[in-house]
Amino acid sequence: MTRSELVTRLAELNPHLYHRDVERIVATIFEEITLALARGDRVELRGFGSFSLKERSARIGRNPRTGSAVAVAAKYLPYFKTGKELRDTLNKN
Amino acid sequence: MVESTITRADLTEAVYQEVGLSRNESSQLVESVLLEISKSLSRGEPVKVSSFGTFSVRDKGKRIGRNPKTGEEVPIMPRRVLVFRASHVLKDRINRTMRESREN
């Protein structure tokens, strides 16, 4: 399922809403999560999962093609931990 | 940097501010989005959200684990796990803002 298929599905479930409003709702949700992570905040959606940041320190990497050393700056990586309820649902049947 | 936690209530508030539905309906839509994503994943179908990331389901085979406290061997049954891969856009936005806030 893609973002646009998700929007179409939600629009079908909510025939009283304009398609473009459903688009804005979906966009707003992912934008809020992105903004929270960019501020360094956690996002916790009980039953679904939580988004947080993991810190990766600076390291010397290698160009896999040439083998030359490259400095890789410290960075944050978004991390998702599946919620208990969703994890259980995935393992039903 | 004071770290705080965003929850469903904050997503509901953002939808309410942005779209002008009632708070109650905004909350139901947030729930509905999470539910539809979960349903797709339960069918084993990945969910790709452009500029955000991809949620996919991976099958893990049976393996022998060990209780770290007692050292006892325990079989870990085959199971499905959810993997999230962040898009480049998301990674870049996080690292750009974090870098800026450090420099200031």
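Letters go in sequence order (proteins before strands), and every chain restarts at 1. Heavy atoms only: backbone and side chains are in, while hydrogens, waters and symmetry mates are out.
Side-chain atoms of B/Arg80 come within 3.5 Å of backbone atoms of A/Leu90 as a donor-acceptor pair (strictly under, hydrogens ignored). Formation of a donor-acceptor pair under 3.5 Å by the A/Asp41 side chain with backbone atoms of B/Ser4 is found in this model. Between the A/Arg3 side chain and the B/Ser50 main chain, a donor and an acceptor come within less than 3.5 Å of each other. A donor-acceptor contact shorter than 3.5 Å is absent between the side chain of A/Asp21 and the backbone of B/Val19.
B/Glu36 and A/Leu13 make their closest contact through OE2-CD1, 3.4 Å (heavy atoms, listed as atom of the first residue, atom of the second, distance). For the residue pair B/Val15 and A/Thr28, the shortest heavy atom distance occurs at N-CG2, 3.9 Å. For the residue pair B/Ser32 and A/Leu10, the shortest heavy atom distance occurs at OG-CD2, 3.4 Å.
Chain B forms more heavy-atom pairs under 4.5 Å with one residue of A/Leu35, A/Ile33, A/Val26 than with any other, namely A/Ile33. With chain A as the partner, the residue from B/Ser40, B/Ser51, B/Pro78 showing the most heavy-atom pairs under 4.5 Å is B/Ser40. For the options B/Thr12, B/Thr7, B/Leu34, heavy-atom pairs under 4.5 Å to chain A are most numerous at B/Leu34. Your options are A/Leu6, A/Leu37, A/Val22, A/Ile25, and the one with the most heavy-atom pairs under 4.5 Å with chain B is A/Ile25. Of the listed residues B/Gly20, B/Ala14, B/Ser26, B/Ala86, the one with more heavy-atom pairs under 4.5 angstrom with chain A than any other is B/Ala14. The choice from B/Ile6, B/Leu29, B/Val49 that makes the most heavy-atom pairs within less than 4.5 Å of chain A is B/Ile6.
From B/Met77, atom CE reaches atom CG of A/Asn91 across 12.5 Å, with rounding to the nearest 0.5 Å. To the nearest 0.5 Å, atom CG of residue B/Leu35 and atom CZ of residue A/Arg9 are 9.0 Å apart.
No more than 12 heavy-atom neighbours from other residues, nucleotides or ligands sit within 6.0 angstrom of NZ on B/Lys48.
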Check: Would A/Thr34 and B/Arg93 satisfy side chain to side chain donor-acceptor pair (under 3.5 Å), going step by step from the backbone distance to the final call?
Finding: CA-CA 8 Å; A/Thr34 303; B/Arg93 284 187 66 186; 4.7 Å; no
Next item on the list: Applying side-chain contact (heavy atoms from CB on, under 4.5 Å), run through A/Glu32 and B/Glu18 and close with a yes or a no.
Entry: CA-CA 11 Å; A/Glu32 278 302 300; B/Glu18 181 70 27; over 6 Å; no
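Linking ILVMFWY residues whenever their side-chain heavy atoms come closer than 4.5 Å, directly or via other members, places A/Phe48 and A/Ile29 in the same cluster.
Contact of B/Leu21 with chain A is made through the side chain alone, with heavy-atom distances under 4.5 Å. The contact between B/Leu90 and chain A is made entirely by side chain atoms (from C-beta outward), counting heavy-atom distances below 4.5 Å. Contacts between B/Val57 and chain A at a heavy-atom distance below 4.5 Å involve the side chain alone, from C-beta outward. Only the side chain of B/Glu25 comes within less than 4.5 Å of a heavy atom of chain A; its backbone N, CA, C and O stay farther away.
Among residue pairs with one or both ends in residues 54-65 of chain B, none qualify as side chain to side chain donor-acceptor pair (under 3.5 Å); sequence neighbours excluded.
Below 30°, between 30° and 60°, or above 60°: for B/Phe52 and A/Phe51 the angle between ring planes is above 60°, a perpendicular geometry.
Residues of residues 77-87 of chain A placed with any heavy atom under 4.5 Å of a heavy atom in chain B are listed by number as A/Leu77, A/Pro78, A/Phe80, A/Thr82, A/Leu86.
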